[in-house]
Amino acid sequence: MKAKSLVLLLFFLVIKANAQSDERPNILVIIFDDAGLDMSAYGSTYVNTPGFDAIAEEGVLYNRAYTPNAKCAPSRASIITGRNSWQLDAAANHVIYFPSKFKTYQEVLLEHGYTTGFTSKGYGPALTLTADGKERAVMGKVYNEKKLKPATTGISDNDYSGNFKNFLEKAPANKPWSFWVGSVEPHRGYEYGTGKKLGGKTEEMIKDFPPYWPDNEVTRNDLLDYAYEIEDTDKHIVKILETLKESNQLDNTLIIVTSDHGMPFPRVKGDQYENSNHIPMAMLWKGKMQAKSRTVDDYISFIDLAPTFLDVAGVDWESSGMHPATGKSLKSIIVSEKSGQIEPARDYVLVGKERHDTGRPDDVGYPIRGIHKNNMLYVKNYEIDRWPKGNPETGYLNTDGSPTKTEILNLRRNGSKEFWKMNFGKRVEEELYDVANDPFCVHNLATNPEYQKTKEALKIEMEAKLLAQGDLRMSGYGHLYEKAPFVRGRNFYSDFIEGKKPKAGWVNDTDFEPYLLDGDGNELQEIDNEIKD
């Protein structure tokens with residue numbers, strides 16, 4: 001009898017354990033491609049985002065969320081691994097072979113009973129292969145079957161919300177799931193004038209125009225077109241929320257809406273300034289949150305997301321096979337009743353970059369490290385003899401082609417260099433900004449005597465934390481990051497100089513400068529590269 005009772009007890013314990021595992025939350029990441037803090041929940045005057053705002057109103061809005069690296073692939077690498085880009089070997093860079101030794105949170109959740117998937121843009125651009133060269137699904141199964149007729153040629157025909165619904169219909173009813181909706185908006189290109197024509201917007205709606213661009217009809221319309229693409233993706237967020245409600249899954253789904261980095265404009269995407277790394281982020285876990293409409297002022301980094309996902313899923317990080325996480329779970333913040341600063345230790349974030357796009361001699365990058373703390377930003381540029389946005393003669397390849405970029409380049413060619421210097425000119429080694437009073441980071445305080453103690457304190461703290469994280473740049477081996485091969489675009493600079501017509505489809509033909517320039521934008525000599533057939 002005792003043995004029979006023990007068997008029955010064990011049976012019921014197993015049933016209970018399975019029931020509890022079935023109640024693990026679903027995880028939904030919705031990520032814009034190249035959208036800054038331009039959501040109406042943050043007070044934007046020219047972008048209306050009811051979907052994003054609904055998440056913030058029902059849940060929590062983060063005021064200090066940052067990506068460690070303001071470029072697609074290295075930024076997304078931090079999300080899926082919980083590590084800063086300088087801790088990811090080749091994945092510190094853009095358009096590379098993702099190291100097979102780093103597991104992703106989606107792979108771990110799949111191993112622990114979750115159904116996983118994604119639609120449109122997941123991690124990339126890069127190649128993800130196993131150690132023996134086979135294809136590797138680091139984000140789960142792709143769901144791209146559902147299509148729609150886009151409003152413009154610059155908007156994807158992927159029906160993001162439709163593909164999410166398709167995933168839900170196919171997912172087992174008794175298992176939790178983790179899904180990634182990766183829009184490709186508002187990545188360039190845009191149909192010029194659609195913000196006005198289709199979005200009903202006017203140039204006067206833009207109230208806080210960046211001082212590092214020429215303020216004219218062209219640049220303002222470029223911003224309105226960008227706004228229109230954000231709003232197009234936001235409509236899918238509204239539909240996704242409706243789908244979750246209809247399927248009675250809203251309460252037990254942790255929803256995160258964010259963007260991989262700032263807007264695809266000069267001096268933002270691919271840089272490491274405030275508007276480059278500061279990203280929108282709202283979360284909702286309706287069944288667990290104890291208060292609505294909260295705002296959090298803790299410094300949050302993308303490296304905190306993967307630890308959060310495994311934490312809420314009940315997966316132990318140390319036994320997961322993931323490399324040690326630098327980030328920390330946000331679960332306690334998500335379920336807190338408080339607003340403002342919740343966890344005092346979250347008082348800084350680190351940012352930086354190595355190599356982004358191709359286009360420099362020998363395929364080198366433009367290494368930067370920085371720290372945000374107490375509304376101050378300290379930045380160190382490690383190779384100031386290099387061009388921060390890529391060489392002028394190869395089109396400044398780390399800045400997407402755009403009407404705004406063209407306006408700035410043409411101003412220099414016509415003798416006005418002020419905007420060109422701010423966006424494309426060479427830089428000093430150290431920069432310091434008071435982002436509370438100078439959010440566009442145009443007043444460098446690094447040489448101001450009143451800020452020397454602040455600068456030195458931030459530098460010391462930044463370098464100590466980076467050294468503790470194993471950053472090769474801190475130990476004199478930063479050049480090793482640049483040894484990682486490009487998937488495509490290798491030797492672009494030498495091929496261009498030799499006249500081999502390398503392709504760079506993300507910039508305009510007119511972006512290529514016909515003259516070598518000095519750091520202040522003065523023309524030195526005409527480039528003689530005989531085009532070879």
Side-chain angles (χ1 to χ4, degrees), residues 31-35 66-81 83-100 102 104 121-129 138-139 182 184 187-188 259-273 276-277 279 302-303 351-370 381-383 386-391 394-401 405 471-473 478-493 502-507 511:
I31 182 166
F32 290 84
D33 196 7
D34 299 9
Y66 289 82
T67 174
N69 193 321
K71 196 74 171 183
C72 296
S75 174
R76 293 162 188 259
S78 290
I79 296 176
I80 62 179
T81 63
R83 294 168 67 85
N84 284 306
S85 56
W86 47 87
Q87 298 178 294
L88 292 171
D89 298 348
N93 303 314
H94 196 59
V95 198
I96 48 80
Y97 297 88
F98 185 76
S100 59
F102 293 115
T104 71
K121 187 170 182 176
Y123 164 70
L127 276 182
T128 54
L129 305 174
V138 297
M139 300 304 295
V184 295
H187 194 289
R188 293 192 182 272
S259 172
D260 54 0
H261 49 71
M263 58 171 58
F265 282 72
R267 212 174 187 270
V268 185
K269 179 181 178 180
D271 268 303
Q272 301 301 306
Y273 294 121
S276 306
N277 298 79
I279 43 88
F302 270 167
I303 61 174
V351 298
K353 62 180 280 192
E354 280 296 329
R355 191 188 66 202
H356 285 173
D357 287 310
T358 183
R360 293 188 185 88
D362 301 318
D363 289 339
V364 297
Y366 191 82
I368 299 174
R369 297 292 186 273
N381 302 299
Y382 290 88
E383 298 287 351
R386 300 177 187 174
W387 291 99
K389 303 305 293 178
N391 282 51
T394 47
Y396 313 91
L397 291 184
N398 203 29
T399 299
D400 298 338
K405 181 180 180 181
D471 183 355
L472 296 178
R473 188 63 58 182
H479 62 282
L480 294 179
Y481 293 117
E482 299 173 334
K483 298 298 183 183
F486 279 108
V487 169
R488 59 179 184 271
R490 300 186 200 183
N491 303 315
F492 187 101
Y493 185 87
K503 302 297 182 183
W506 63 96
V507 300
D511 292 351

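Because only heavy atoms are used, hydrogens play no part in the values below, and waters and symmetry mates are left out as well, while side chains stay in. All residue numbers in this chain count up from 1 along the given sequence.
Taken from NZ in Lys269 to CG in Asp400, the straight-line distance is 4.0 Å, to the nearest 0.5 Å. Here Asp511 contributes atom CG and Tyr396 contributes atom OH; the two are 8.5 Å apart, rounded to the nearest 0.5 Å. Separating the CG atom in Leu472 from the CG atom in Leu480 is a distance of 6.0 Å, to the nearest 0.5 Å. For the atom pair CZ (Arg473) and NZ (Lys353), the distance works out to 11.5 Å, reported to the nearest 0.5 Å. With rounding to the nearest 0.5 angstrom, the CZ atom of Arg360 is 7.0 Å from the CG atom of Asn391.
Contact check on Arg188 versus Asp34 returns no salt bridge, with no Lys/Arg side-chain nitrogen under 4.0 Å from an Asp/Glu carboxylate oxygen. Contact check on Arg369 versus Glu354 returns a salt bridge, with a Lys/Arg side-chain nitrogen under 4.0 Å from an Asp/Glu carboxylate oxygen.
Ring pair Phe302/Tyr66: centre-to-centre distance not below 6.0 Å.
A donor-acceptor contact shorter than 3.5 Å links the side chain of Asn93 to the backbone of Tyr481.
With sequence neighbours left out, Arg488 forms a side chain to side chain contact (heavy atoms under 4.5 Å, CB included) with Val95, Pro125. With sequence neighbours left out, Thr358 forms a side chain to side chain contact (heavy atoms under 4.5 Å, CB included) with Asp363, Leu397, Phe486, Phe492, Trp506.
Because its NZ or CZ atom is both nearer than 6.0 Å to the ring centre of Tyr273 and within 45° of the ring axis, Arg267 counts as a cation-pi partner of that residue.
Under the 4.5 Å side-chain criterion, counting only non-hydrogen atoms from C-beta, Ile79 is in contact with Ile31.
Side-chain contact, His356 with Asn69: a donor N or O sits under 3.5 Å from an acceptor N or O. In this structure, a donor-acceptor pair under 3.5 Å is present between the side chains of Gln272 and Asn277.
Among pairs with a residue in residues 67-76, those fulfilling salt bridge (charged side-chain N to carboxylate O under 4.0 Å, His left out) read Asp33-Arg76, Lys71-Asp357, Arg76-Asp260, at least two apart in sequence or across chains.
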Problem - Full working for side-chain contact (heavy atoms from CB on, under 4.5 Å) between Cys72 and His94 - result: CA-CA 7 Å; Cys72 296; His94 196 59; 3.8 Å; yes
